[in-house]
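Report on the structure given below.
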Amino acid sequence: MKRIRSLAMCFMMMLFFIPAMAEEAGGETGPENKPKVVVLATGGTIAGVGEEGKTAGYQPGTLSVGELLSEVPELADAARIEAIQVCNLNSDDMTAEVWFSLVNTINELAEDPDVKGFVITHGTDTMEETAYFLNLTVKTDKPIVLTGSMRPATSISADGLMNLYEAVCVAASDDAAGKGVLIVFSDRIYAARSVTKTSTYSVTAMSAGEMGAIGIVRDGDVFLYETPAKKHTTETEFDIRGLSALPKVSILYFSVDADPELLRFAAERSNGLVIAGAGAGEFSEEWIEIIKGLTIPVVISSRIDDGVIIKENLLCGNTVAANNLSPQKAAILLRLALAREITKEHLEELYMEY
Ligand code: ASP
């Protein structure tokens, strides 16, 4: 508590010193007999600074990775840490360019036998999207764990330091290898494919709905209970080497009286569409008429969190069911799929496999 509040007192000083301190990241800390974990910092509320004690009205992506790590001396009990400041963003400003940089850095460092695992500090708003993208594209079995916080570092009872400590413990554990990309948040371990942010404010904002958490962390001990069944990391057909950008996919959210002309507008400026339909991926007669005439790939997801959409639910023959992927995750899979030539049949298979 004391150490968190002291951050607020240093705030003005940090404004001047952040760029210099970020450049210092990259050194290694921790006892030699511990596994090495690489912490890749991208920003978010975990690196957020605001009015002392308050939870809202702060600036995300302010503290450097060095400043964050220095607040958790207990990390030395779990791992040797190498820190890299990838960027320092509000995660609503995350881009495919940063995703590529994360994948390339992880693929390269994973070759080093001394590296046990990776932690990515990230804003919670789009954490699940980065996690799912990495889950489909990185080529290593080593643990990759994303974490963040709901309260800025300067608030009362900020949650970031415990989340960071627990994420490092998971990344350093043997059991987390081969489970795909994970999110550690509020003592729980989630698989990248099923986790989503479900609260705008709660410190238990991450949840995997009906799929549930796959493990728990207590005082640095890691308990894993499930193995994700869907293909990930080394088993996928996606390889971003040679790609410099991703196709554009837009998500359209259906509601009563939703303007069907938005579909035409989005289709003209996109390579593919994802529809967040009502219930099992449904929408109005007006929407059906326009969607049936679209010539770009259209994937049907739902604005409902739980459940699955299957082929038999589809209202338009030219569309593909997203299975139980959320609209934002269905869009990531579609962007990767459209990065090469693909048939409708192959696209349907991808939504069953991933
Ligand atoms: N807007 C912040 C972000 O996603 C929220 C958070 O980190 O909790 O970067």
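In listed order, ligands and their atoms are each counted from 1.
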Legend entry - Lys/Arg N to Asp/Glu carboxylate O, E166 vs R188, below 4.0 Å: no
Legend entry - Under 3.5 Å side-chain donor-acceptor pair for T196 and E128: yes
Inset, instruction - Using distance alone, determine whether H122 and ligand 1 share an N or O pair under 3.5 Å. - result: no
Would you mind listing which atoms of ligand 1 come within a distance below 4.0 Å of any non-hydrogen atom of [X]?
| X | result |
| --- | --- |
| N90 | 1 (N), 2 (C), 3 (C), 4 (O), 9 (O) |
| G44 | 7 (O), 9 (O) |
| D92 | 1 (N) |

Distance from [atom] to nearest protein heavy atom, with residue and atom:
| atom | result |
| --- | --- |
| atom 8 (O) of ligand 1 | T124 OG1, 2.4 Å |
| atom 9 (O) of ligand 1 | S91 N, 2.7 Å |
| atom 5 (C) of ligand 1 | T45 OG1, 3.2 Å |

Inset, instruction - Please say which of K179, K116, K142 ends up in a salt bridge (Lys or Arg N to Asp or Glu O under 4.0 Å) with D174. - result: K116
Legend entry - salt bridge (Lys or Arg N to Asp or Glu O under 4.0 Å) involving R241 - partner list, sequence neighbours excluded: D239
Inset, instruction - Could you tell me which residues satisfy salt bridge (Lys or Arg N to Asp or Glu O under 4.0 Å) with E348, sequence neighbours excluded, listed by chain and number? - result: K311, K344
Inset, instruction - Check if S149 has a non-hydrogen atom at a distance under 4.0 Å from any atom of ligand 1. - result: yes
Inset, instruction - State which residue, out of L102, T126, L246, V138, fulfils the side chain to side chain contact (heavy atoms under 4.5 Å, CB included) condition with F133. - result: L246
